[in-house]
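Reading through the structure tokens given below for one structure.
Here the structure is a predicted model, which is why all the values come from computation and not from measurement.
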Amino acid sequence: RVLIQTYAPEHYALTSAAEHDYQRFFADEAAFRLELGYPPFGWLVNLVLSGNDRQVVERAAQQVADQLRHGSGRVEVLGPAPCLLPKLRGKWRQQILLKGKQRSDIRRRLAELPQVEKLVPRGVALVVDIDPVDMF
């Protein structure tokens, strides 16, 4: 027996799970992902900046996002925004999501990262997660 507490009991993921209807879940989820360009219909890269000083991390994340927006290729830059867990193990965290329809677009944008990394000050770490499994 499984109990789920939710504000959205009609959500397709929950109703499909309750009915053991994998086919319906897959169809609904695939349509959602196709519309938004999420995998497997697009490519994602999650950039996470972290550090002890919240304002320094936020400023660095904004500078990195601004620089990435001026880059080449057709890659959407989302953020920066606080991570789902904005403070983890004493470090403040911000994330920037890169979203592209073609893997080649993402590769070109990632080739620009050495220049972008120069904007990251001491005390701020930048982690690049290609094809992220989760966004924590």
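- In plain terms, the two heavy atoms of Val124 and Ala60 that are nearest each other are CG1-CB, 4.4 Å.
- In this structure, CD on Gln94 lies 8.5 Å from CZ on Arg54, to the nearest 0.5 angstrom.
- Environment of CZ in Phe26: sparse, with no more than 12 heavy atoms of neighbouring residues, nucleotides or ligands closer than 6.0 Å.
- The line from CG of Leu98 to CG of Leu78 is 8.0 Å long, rounded to the nearest 0.5 Å.
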### Task
Mind running side chain to side chain contact (heavy atoms under 4.5 Å, CB included) on Glu117 and Leu126 for me, showing each step along the way?
CA-CA 8 Å; Glu117 286 177 314; Leu126 171 63; 3.7 Å; yes
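- Connection of Ile96 to Val48 is not established within any shared hydrophobic cluster, with ILVMFWY side chains joined at heavy-atom distances below 4.5 Å, either directly or through further cluster members.
- When hydrophobic clusters are built by joining Ile, Leu, Val, Met, Phe, Trp and Tyr residues whose side-chain heavy atoms come closer than 4.5 Å, directly or via intermediates, Leu34 is not grouped with Leu44.
- Clustering ILVMFWY residues whenever any of their side-chain heavy atoms sit less than 4.5 angstrom apart, transitively, puts Ile130 in the very cluster that holds Leu49.
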### Task
Evaluate side chain to side chain contact (heavy atoms under 4.5 Å, CB included) for Leu68 paired with Arg109, printing each intermediate quantity in order.
CA-CA 8 Å; Leu68 287 168; Arg109 188 54 55 92; 3.8 Å; yes
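- Closest heavy-atom contact between Ala111 and Pro114: O-CD, 3.3 Å.
- At a threshold of 4.5 Å between side-chain heavy atoms, the hydrophobic network of Ile, Leu, Val, Met, Phe, Trp and Tyr places Leu97 and Phe41 in two separate groups.
- Under the side-chain hydrogen bond (donor to acceptor under 3.5 Å, both in side chains) rule, Asp105 has a single partner from Arg107, Arg108, Arg103, Gln102, which is Arg108.
- A donor-acceptor pair is defined here as one N or O able to donate and one able to accept, closer than 3.5 Å; such a pair exists between the side chain of Lys99 and the backbone of Leu36.
- From Trp92, atom CH2 reaches atom CG of Asn52 across 11.0 Å, with rounding to the nearest 0.5 Å.
- The local environment of CD in Glu19 is crowded, with over 12 non-hydrogen atoms from other residues, nucleotides or ligands closer than 6.0 Å.
- Note: Tyr38 OH to Glu29 CD = 10.5 Å, rounded to the nearest 0.5 Å.
- Taken to the nearest 0.5 Å, the CG atom of Asp131 stands 11.5 Å off from the CG atom of Asn46.
- Linking ILVMFWY side-chain heavy atoms closer than 4.5 Å, directly or via other members, places Leu14 and Val2 in a single hydrophobic cluster.
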### Message
If you apply the rule side chain to side chain contact (heavy atoms under 4.5 Å, CB included), what do you find for Leu47 with Val127, and how did you get there?
### Response
CA-CA 6 Å; Leu47 307 175; Val127 175; over 6 Å; no
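- Taken to the nearest 0.5 Å, the CD atom of Glu58 stands 7.0 Å off from the CD atom of Gln55.
- Looking only at atom types and distance, the side chain of Thr15 has a donor-acceptor partner in the side chain of Arg24 under 3.5 Å away.
- The two atoms that bring Val57 and Ser50 nearest to each other are CG2-C, 3.8 Å, heavy atoms only.
- Each of Gln63, His70, Gln62 was scored for a side-chain hydrogen bond (donor to acceptor under 3.5 Å, both in side chains) with Asp66, with one residue passing: Gln62.
- The two residues Pro121 and Val56 have their closest heavy-atom pair at CG-CG1, 3.9 Å.
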